Amino acid sequence: MRIGVMVSGGGTNLQAIIDAKNRGEMPGVDIEVVISNKPDAYALERAKENGIEAVCVSPKDYENKEEFGKALEEKLDSYNLDLVVLAGFLVVLPEHLVKKYEKKIINIHPSLIPSFCGDGFYGLKVHEAALKRGVKVTGATVHYVDEGTDTGPIIIQKPVEVRDDDTPETLQRRVMEEAEWKILPEAIIKIKELSDEE
């Protein structure tokens, strides 16, 4: 199974996938490319260090959203991918791209969807909202991407306990360590096993 990983920042979720692959937990899964919308994203360095092609497709290089969407689509198409993994990719994908890759794009979200998701809920904002509302359990979700924001079918969720002394930063870190970095590779393995059965 050929996968591409799309990232906007440091790429800790990308690293979790690379580590799972290096531990032999993802047989038959090949990371073909890492694509970022930011030329200085550290995720691109992580890719290069692991012998994975690293590519930047930045909206700033195009006149409008349509041109950017077209360039992104052409780039994805050129790798003939079986699965696209959004691992902290903070750009909304064009609708035609989502339709074209239906059930072939997954995303990791730092909450238990349907809580704390949708427009405006990303990064620390998710954890700030959880703490403000006083929830006792949060977590992470891997889901298929559809035309909505965080509305696609759920693949895996993992709960994480919220502690009384948590700050948004400590909660974010624990959600990554205890949930995100575990379930993202698990979801890819699960999808690979399902495609093998077909």
Side-chain angles (χ1 to χ4, degrees), residues 3-26 29 31 34-38 40-47 49-50 52 83-93 105-145 148-193:
I3 73 168
V5 184
M6 299 177 73
V7 192
S8 291
T12 54
N13 279 310
L14 165 66
Q15 191 64 54
I17 298 168
I18 291 169
D19 291 347
K21 173 98 180 117
N22 290 343
R23 287 193 302 266
E25 293 167 13
M26 303 174 76
V29 175
I31 308 165
V34 171
I35 298 174
S36 179
N37 58 307
K38 295 183 176 173
D40 58 350
Y42 185 61
L44 295 173
E45 288 307 309
R46 289 182 197 269
E49 283 165 15
N50 287 276
I52 302 163
L83 185 69
V84 176
V85 180
L86 306 184
F89 189 65
L90 301 178
V91 175
V92 176
L93 294 179
I105 306 174
I106 63 171
N107 180 49
I108 180 103
H109 184 76
S111 80
L112 297 174
I113 290 173
S115 298
F116 311 112
C117 65
D119 290 338
F121 283 106
Y122 59 88
L124 276 179
K125 291 178 182 178
V126 175
H127 306 295
E128 284 165 3
L131 291 173
K132 209 177 272 181
R133 299 243 188 107
V135 299
K136 300 300 177 202
V137 177
T138 184
T141 304
V142 179
H143 64 95
Y144 285 107
V145 173
T149 305
D150 305 325
T151 54
I154 291 167
I155 303 163
I156 300 180
Q157 291 185 306
K158 190 171 190 333
V160 173
E161 187 187 352
V162 179
R163 296 176 187 157
D164 293 341
D165 61 350
D166 266 326
T167 64
E169 289 79 9
T170 61
L171 187 55
Q172 180 182 49
R173 183 77 197 174
R174 224 169 47 260
V175 167
M176 287 195 295
E177 289 173 353
E178 293 179 17
E180 292 182 43
W181 298 347
K182 290 186 166 80
I183 65 172
L184 190 54
E186 278 174 25
I188 295 166
I189 294 161
K190 192 174 175 178
I191 291 164
K192 166 82 168 72
E193 286 168 354

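Index from 1, following the sequence. Everything quoted here is computed from the prediction, not taken from an experiment.
Between atom OG1 of residue Thr141 and atom NZ of residue Lys158 there is a gap of 12.5 Å, rounded to the nearest 0.5 Å. Atom CG of residue Asp150 and atom CG of residue Asp119 lie 8.5 Å apart, to the nearest 0.5 angstrom. In this structure, the separation between OG1 on Thr138 and CG on Leu171 is 6.0 Å, given to the nearest 0.5 Å. Atom CD1 in Ile106 sits 9.5 Å away from atom NE2 in His143 (nearest 0.5 Å). Atoms OG and CD, from Ser36 and Glu45 in turn, are 11.0 Å apart once rounded to the nearest 0.5 Å. Here CG of Leu131 is found 12.5 Å from CZ of Arg163. Values are rounded to the nearest 0.5 Å.
When all heavy atoms of Phe116 and Arg133 are compared, the pair lying nearest together is CE2-NH1, 3.4 Å. Ala179 approaches Val160 most closely through the heavy-atom pair CB-CG2, 3.8 Å. Gln172 and Gly123 get closest at one heavy-atom pair: NE2-C, 3.9 Å. A pairwise comparison of heavy atoms in Gly9 and Ala41 identifies O-CB, 3.5 Å as the closest pair. The two atoms that bring Ile17 and Leu184 nearest to each other are CD1-CD2, 3.7 Å, heavy atoms only. When all heavy atoms are compared, the tightest approach of Pro168 to Glu128 is CG-CG, 3.5 Å.
A distance-only check finds no donor-acceptor pair linking the side chain of Arg46 to the backbone of Gln15 [under 3.5 Å]. Judged purely by atom type and a 3.5 angstrom limit, Arg174 has no side-chain atom pairing as donor or acceptor with the backbone of Asp166. A donor-acceptor contact shorter than 3.5 Å is absent between the side chain of Asn50 and the backbone of Ala47. No side-chain donor-acceptor contact under 3.5 Å links Lys192 to the backbone of Met26.
Counting heavy atoms from C-beta outward, Arg173 and Thr167 have side chains that stay 4.5 Å or more apart. Using a 4.5 Å heavy-atom threshold, the side chains of Val175 and Val126 count as separate. Using a 4.5 Å cut-off on side-chain heavy atoms (C-beta onward), Asn13 and Val7 make no contact. Counting heavy atoms from C-beta on, the side chains of Leu44 and Lys38 never come closer than 4.5 Å. Side-chain contact between Leu90 and Asn37 is absent, with no heavy-atom pair separated by less than 4.5 Å. Contact check for Leu86 versus Leu93: side-chain heavy atoms found under the 4.5 Å cut-off. Side-chain contact between Val5 and Ile35 is absent, with no heavy atoms from C-beta onward closer than 4.5 Å. The side-chain heavy atoms of Leu112 and Val137, taken from C-beta on, include a pair separated by under 4.5 Å.
Other residues, nucleotides and ligands contribute only 12 or fewer heavy atoms inside 6.0 Å of the OH atom of Tyr122. Open room surrounds CG on Asp164; 12 or fewer heavy atoms of other groups in view lie less than 6.0 Å from it.
For the pairing with Tyr144, the side chain to side chain contact (heavy atoms under 4.5 Å, CB included) check across Asn107, Ile154, Ile191 returns one residue only, Ile191.
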Intermediate values then yes/no, side chain to side chain contact (heavy atoms under 4.5 Å, CB included), Val85 and Ile108: CA-CA 8 Å; Val85 180; Ile108 180 103; over 6 Å; no
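A salt bridge does not link Glu186 to Lys182: none of the charged nitrogens lies less than 4.0 Å from a carboxylate oxygen.
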